[in-house]
Protein chains: 2
Amino acid sequence: MSQAQAKEEPTRLERLCAEKGLKMTEQRRVIARVLSEADDHPDVEEVYRRASAHDAGISLATVYRAMRMFEDAGIVERIDVGDGRAHYEEARGDQHHHLIDVETGSVAEFTSADVDAILQRIARDLGYSLVGTRLALFGVRRDKPAEER
Amino acid sequence: MSQAQAKEEPTRLERLCAEKGLKMTEQRRVIARVLSEADDHPDVEEVYRRASAHDAGISLATVYRAMRMFEDAGIVERIDVGDGRAHYEEARGDQHHHLIDVETGSVAEFTSADVDAILQRIARDLGYSLVGTRLALFGVRRDKPAEER
DNA sequence: CTAAATGCAAAACGTTTGCTTCGGT
DNA sequence: ACCGAAGCAAACGTTTTGCATTTAG
């Protein structure tokens, strides 16, 4: 386990994969690294692009399969930014939500214990146990001089 | 029953189409009626099915085109229940959200001025004007006798 | 009469899958 | 040696589109 090889990072994702008993192939290692390095919310095509840069021998199907696996394992989260593609981010422990800039497509994150609590209560009042929340805001910058697109 | 003509309904949607200067074709009239009559959140295929019952000469492509038009005109709203298809509902004036029963797929609606207000403020604090909110809760019934699936 | 809307079938799009080969454990 | 995983391409389900024809205004 403790190798002095210094392969750039422990890569939390790799460790989690091992824990889940998943085969750690070279492709998955690369994809995991890409996701760990990402500080944005890449879609599958983009993950594929970045992974290909690390290792050309990766197919799009493998990325799709890996993303689904990672998602099922709970180590990445799919987010829907409204462009028809699935975007992903590494699953940190926190419950956070997204605000999408409709002009640039960039994604900001935020948390709100208040909102989370109210939603929890609303679900309860409706007779449900809350098992998931999908919340995304869409906005335009307020300050910036009105530049189109 | 207040209507002498008895064309079944004034169909708010039809009126709105006229106001927007859209051609009111037979197909659109039928689709508009289907949407006005719906009290659920049909997907396009379902709208097509219902419209076909009223008038067999409607193609799926026309339904898709009509839905997009209606959506752009702001007279219907697209909602994403997480099944990969677009679902629609007539746009009433209110800001409401959805709770999807993950077991049955049924959709309940709710409103929360509190949540709306907090989200508005959050967007503002992040430097954005809120132009849209996508909020959906996913839950399982709490009370019902523990029947799986 | 003219521009816009329809129908049909084909294409586009993101995603999944069957099958054979490959590689981790 | 096994069995899961990769690669490729073909299949998929949803949505869009090109084009010839019809129709509302």
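Chain A is the first sequence line, chain B the second, and so forth, proteins listed ahead of strands; every chain is numbered from 1.
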According to a strict under-4.0 Å criterion, is [X] in side-chain N/O contact with OP1 or OP2 of [N]?
| X | N | value |
| --- | --- | --- |
| A/Tyr64 | C/dT15 | yes |
| A/Arg28 | D/dG4 | no |
| A/Thr62 | D/dG7 | yes |
| B/Thr25 | C/dA5 | no |
| B/Arg85 | C/dG14 | no |

Report yes or no: does B/Asp94 contribute a side-chain atom to a donor-acceptor pair with the main-chain N or O of B/His96 at less than 3.5 Å? no
Are the side chain of A/Arg124 and the backbone of B/Arg142 linked by a donor-acceptor contact shorter than 3.5 Å? no
Polar pair under 3.5 Å, donor/acceptor by atom type, side chain B/Lys23, base D/dG25: no
So if I take every side-chain heavy atom of B/Ala61 and compare against C/dC8, C/dA3, C/dT16, which nucleotide ends up nearest? C/dC8
If you only use heavy atoms from C-beta on, which nucleotide in C/dT16, C/dG14, C/dG7 is closest to the side chain of B/Gln27? C/dG7
Looking across every strand, which nucleic acid part, if any, lies under 4.0 Å from A/Ala86 by heavy atom: base, sugar-phosphate, or nothing? sugar-phosphate
When B/Arg65 and A/Ile58 are each assigned the nearest nucleotide of DNA chain D, the 5'-most assignment goes to A/Ile58
More 5' along DNA chain C: B/Ala66 or A/Arg78, using each one's nearest nucleotide? B/Ala66
Would you sort out whether A/Glu89 and A/Val76 count as a side-chain contact (heavy atoms from CB on, under 4.5 Å), showing the intermediate values? CA-CA 6 Å; A/Glu89 66 184 358; A/Val76 302; over 6 Å; no
